[in-house]
Enquirer: 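First the structure, which I've put down as structure tokens, then a few questions once you've had a look.
Sequential numbering from 1 along the given sequence is applied to the chain's residues.
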Amino acid sequence: MVTYLYWLIVIALVCGALFGIGMRLGQWKPALILAAVIALVGTTAYYFWLQQIFVKRYGGVMSITIPQGLQHIGSTWKGDNLWIEDYNPETNECIFREYSRGDLLQGRVVLKNCHPLGARSTAPAATTAE
């Protein structure tokens, strides 16, 4: 809900700049420049600073797709960054990925020979002949 409120405020500021400066004062060039700056600053601030803060602290909205072939194990917050743990049954590795602000710095930790509890194996079960 907070995410939608944020975007509503950004859109209102853009429309306010266009209406207040462009239409009321007849100054379209400064109005368009100011509207573009507001939109750019609002978008940049959201993706590089506010997105995870909104999700963690205020119940915002964020979607992350788990890569094909991996099984999701868990996720946790470290500061304002989200860490996601997945299991790759083909290589038997547990992979911790950091989803940081704006995807600029992403940590990655790989645990070899990982055998998580409850993970499904892709290899067929061995059968014994009687």
Enquirer: State, with a plain yes or no, whether a side-chain heavy atom of W7 is found less than 4.5 Å away from one of T43.
Expert: yes

Enquirer: Does any non-hydrogen side-chain atom of Y87 lie less than 4.5 Å from one of H72?
Expert: no

Enquirer: Identify which one of I38, T44, V37 satisfies the side-chain contact (heavy atoms from CB on, under 4.5 Å) criterion when paired with V41.
Expert: V37

Enquirer: If you group Ile, Leu, Val, Met, Phe, Trp and Tyr by side-chain heavy-atom gaps below 4.5 Å, do V2 and Y47 land in one group?
Expert: yes

Enquirer: Measure the shortest side-chain to side-chain distance between L34 and I21 over non-hydrogen atoms and say whether it is less than 4.5 angstrom.
Expert: yes

Enquirer: Taking all non-hydrogen atoms of both residues into account, name the closest pair between N81 and Q52 and its distance.
Expert: CA-OE1, 3.1 Å

Enquirer: Rest of the hydrophobic cluster containing L111 (Ile/Leu/Val/Met/Phe/Trp/Tyr, side-chain heavy atoms under 4.5 Å)?
Expert: W83, F96, V109

Enquirer: Identify the two heavy atoms, one from I84 and one from D86, that lie closest to each other, and give their separation to 0.1 Å.
Expert: CG2-OD1, 3.7 Å

Enquirer: Would you kindly say whether E93 and N88 are connected by a side-chain donor-acceptor distance under 3.5 Å?
Expert: no

Enquirer: Supply the members, apart from M23, of the Ile/Leu/Val/Met/Phe/Trp/Tyr cluster built from side-chain contacts under 4.5 Å; use none for a lone residue.
Expert: F19, W28

Enquirer: May I ask you to decide if the ring planes of F54 and Y46 are parallel, tilted or perpendicular, using 30° and 60° as cut-offs?
Expert: tilted

Enquirer: Side chains of R108 and I95: does their closest heavy-atom pair fall under 4.5 Å?
Expert: yes

Enquirer: Any side-chain heavy atom of L8 sitting closer than 4.5 Å to one from Y4?
Expert: no

Enquirer: Measure the spacing between SG of C94 and CD of Q71 and express it to the nearest 0.5 Å.
Expert: 10.0 Å

Enquirer: Roughly how far, to the nearest 0.5 Å, is the CG atom of L32 from the CD atom of Q27?
Expert: 11.5 Å

Enquirer: Working to the nearest 0.5 Å, report the span between CD of Q51 and NZ of K56.
Expert: 14.5 Å

